[in-house]
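Here is how names work: the chains are called A, B, and so on, in the same order as the sequence lines, proteins then strands, and each is numbered from 1. Quick caveat: nothing in here was measured; it's all calculated off a predicted structure.
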Amino acid sequence: MSKNHFLRSIAENDIKNGKHDYVYTRFPPEPNGYLHLGHAKSICLNFGMASDLGGKCNLRFDDTNPEKEDEEYAESIRQSVEWLGFQWDKLCYASDYYDQLYTFAVQLISKGVAYVDELNAEQMREYRGTLTEPGKNSPYRDRSIEENLDLFTRMKAGEFEEGKYTLRAKIDMSSPNITLRDPILYRIRYATHYRAGDKWCIYPMYDFTHCISDALEGITHSFCTLEFQDNRALYDWVLEHIDLQENLNGEKGKLMPRQIEFGRSNLEYTIASKRKLIQLVNEGHVSGWDDPRLTTLVGLKRRGYTPKSIRDFCEEIGVTKKDSVIEMTVLENAIRHDLEASAKRVFGVLKPLKVVITNYPKGESETFTVKNHPKDDDMGTREIPFAREVYIDHDDFMMDPPKKFFRLGPGREVRLRYGYAITCNEVIQDDQGNVLELRCTYDPLTAKGQTADGRKIKGIIHWVSADHALDAEVRVYDRLYTDPNPGASDDFISLLNPDSLKVYPDAKLEPSLAEGRQNDRYQFERVGYFCFDEKDNSASKLVMNRTVSLRDTWAKVSK
RNA sequence: UGGGGUGUCGCCAAGUGGCCUAAGGCACCGGAUUUUGAUUCCGGCAUUCGAAGGUUCGAAUCCUUCCACCCCAGCCA
């Protein structure tokens, strides 16, 4: 159940007051890039509100710029919306409305509120005025309706070169709202559209297209971000001036969707700008749009984030009219919360350190039956083998440990979780003093968490039997940037975190992972949550990604 | 400087004249339980709501002024 916020209140009131019988929303991406966390907020808002209030939500591609859009993006967007767990009522494309849009443009010309201009881009900028000075009318503003109609028809017919003419709304060149200074409605562009092909050489602008698309689809509430607040006046102007008697659903009468704006949310240490994302991909700073360090939806998916965790995150950050900067821990908390309840526990050793248990008989082994989840018995149990040689993590051993280090050190005793307590008797090092191997003895009377003399063993570490272990490559990710707001810098490339990816090529995993399915999520006990990499994992080579670490109080204490 | 917005705890965010000496989440700090230094659990964490005035018996909520920040001058969306 999603939270209350001002947009929801508006929608609920509109139903309560009888303004609408239902809510109809839409998520309107332009297929010119991959979806990221910012879009997830909009998706959850639009689809979530529709389903919460018993309404509908369309997925509509705002595809009016043939030069930037591509089917590859559209396909990915459809998949990401579905992956997030939402179903659209209708799958729509603004490009499917090009004929209607053209008709409405002709209508505006006929009413004398749109004209064909032939100022070039530079002149138009001059005529537009500035923030503080009013603009001035184009010398072509007062053509006759007949001439405008003729010119517009010929624009469509391809008689003019690109940039020669534009269709403009005749509003007010001295408006303090610059959006209203005779905005362009159509421009000439000889580009092949990824869906419409070469049918058109004139393309409608966003401000003209979006409001009409909403009206055609019977959208009741058109949510968008804050930067479109000024555009709302134009949104309303266009809908006031066109003559739409019946929408695509057969509903009749003056149908006015309402645009309402909300604030964007940015995540610390990330970048959302499509331009910058493209640069990261193209220059090879990341492996692709689905690099697990990116907060694109495909990246988060590959990283191991669940759709639920992202929906929860979006609910948690709320919806207001304020642009916000969200701390990374909020996202991490969302995925930890989901995986804590659902992930199977297993043992995985990222930096293996061999331990030989000298008093355990050679060639023998035994298995321990352990729970897959400490609190959820329904998740069952599994067997883990134990033998004379095991691997523990290098981080769980210190040559000269401080008093609060509850792990292994020379002469110290720890429990191998679910197994026996071992004591470190000997440390084998190389010439440089690197620890190569440990020689330990185990206490046979310490199985099942017991000790014969009642002594408490504070330290508990994870391990995996050397002979039974699976080899794997484990990838550990950290934030992509060293600066919480990399987008604020022009040189965001220099802010990249050189340690954002650490590869552990020789990780050792417990044998049960061999039966893992591609979408399974695991908690490597005491380490973090992991998933199989969707591209590089295979039966012959296990490749796992760390989604997020476990909370690590020790890491804080030891600093 | 014209227009449009926003300002409540480190980060989000409830709250729309009295039950606010201001929910909740994240973060942080204690402490309990724990064969994960995880989880869970308990406790702490804004006498203050951008600032200053004013209205009122009473304001974060109303008024005035001021300050800060964001957006708008693409034939992008």
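In this structure, a donor-acceptor pair under 3.5 Å is present between the side chains of A:Y360 and A:E366. Under the 3.5 Å distance criterion, with hydrogens and angles disregarded, a donor-acceptor pair is assigned to the side chains of A:N32 and A:E30. Defined by atom type and a distance below 3.5 Å, a donor-acceptor pair is present between the side-chain atoms of A:Y235 and A:D214. In this structure, a donor-acceptor pair under 3.5 Å is present between the side chains of A:S95 and A:D63. Between the side chains of A:D198 and A:T192, at least one donor-acceptor pair of N or O atoms lies under 3.5 Å. Under 3.5 Å, the side chains of A:E261 and A:Q259 contain a donor-acceptor pair of N or O atoms.
Across all strands, A:I317 comes closer than 4.0 Å only to sugar-phosphate atoms, never to a base (heavy-atom distances). Counting non-hydrogen atoms under 4.0 angstrom, A:T329 reaches the backbone sugars and phosphates but no base. Contacts of A:R128 with the nucleic acid, taken as non-hydrogen atoms under 4.0 Å apart, involve only primed sugar atoms and P, OP1 or OP2. Within the 4.0 angstrom heavy-atom criterion, no nucleotide atom of any strand lies near A:Y203. Base contact: A:N231 has a heavy atom under 4.0 Å from a base atom. Across all strands, A:I184 comes closer than 4.0 Å to base atoms (heavy-atom distances). Counting any heavy atom pair closer than 4.0 Å across all strands shown, A:I202 reaches no nucleic acid atom. Nucleic acid contact class of A:N120 (heavy atoms, under 4.0 Å, all strands): base.
Separation of the P atoms belonging to B:U8 and B:A52 is 15 Å when rounded to the nearest angstrom. For the P atoms, the distance from B:G7 to B:C12 is 11 Å, rounded to whole Å. The C1' atoms of B:U47 and B:C9 are separated by 14 Å, rounded to the nearest whole Å. For the C1' atom pair drawn from B:U48 and B:A14, the interatomic distance equals 16 Å after rounding to whole Å. If you take atom P in B:A51 and the same atom in B:A68, they sit 15 Å apart, rounded to whole Å. With C1' as the reference atom, B:A59 and B:G15 are 13 Å apart, rounded to whole Å.
With its glycosidic angle more than 90° from 0, B:G18 adopts the anti conformation.
Of the residues in residues 58-66 of chain A, those lying under 4.0 Å from RNA chain B by heavy-atom distance are A:D62, A:T64, A:N65. Less than 4.0 Å separates RNA chain B from no heavy atom of any residue of residues 260-270 of chain A. Within residues 167-182 of chain A, the residues that have a heavy atom under 4.0 Å from RNA chain B are, in order of number, A:P176, A:I178.
Remark: A:R168 is not positioned above the aromatic ring of A:Y115, lacking an NZ or CZ atom under 6.0 angstrom from the ring centre and at most 45 degrees off the axis. Because its NZ or CZ atom is not both nearer than 6.0 Å to the ring centre of A:F160 and within 45° of the ring axis, A:R154 does not count as a cation-pi partner of that residue.
The phosphate of B:G74 has neither OP1 nor OP2 within less than 4.0 Å of any side-chain N or O from A:R275. Contact annotation: A:K322 reaches the phosphate of B:U8 (side-chain N/O to OP1 or OP2, under 4.0 Å). Put simply, A:R125 has a side-chain N or O that comes within less than 4.0 Å of OP1 or OP2 on B:G74. Contact between the side-chain N/O atoms of A:K321 and the OP1/OP2 oxygens of B:C70 is not found at any separation under 4.0 Å.
Environment of CG in A:D490: sparse, with no more than 12 heavy atoms of neighbouring residues, nucleotides or ligands closer than 6.0 Å. Around NE2 of A:H337, the count of heavy atoms belonging to other residues, nucleotides or ligands within 6.0 Å does not exceed 12.
The nucleotide B:A32 finds its pairing partner in B:U40, both defining distances of the Watson-Crick or G-U wobble pair being shorter than 3.5 Å.
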- Query: What does nucleotides 37-45 of chain B look like as a protein-contact string, B for base, S for sugar-phosphate only, - for none, at under 4.0 angstrom between heavy atoms?
  - Reply: BSBS-----

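If you find the closest nucleotide of RNA chain B to A:I188 and to A:E227, the one lying nearer the 5' end belongs to A:E227.
Residues passing the salt bridge (charged side-chain N to carboxylate O under 4.0 Å, His left out) test with A:D395 are A:K351, sequence neighbours excluded. By the side chain to side chain donor-acceptor pair (under 3.5 Å) test, A:S324 is found to be paired with A:S265, residues two or more places apart in sequence or in another chain being considered.
Rounding to whole angstrom units, CD of residue A:E69 and P of B:C76 are separated by 11 Å.
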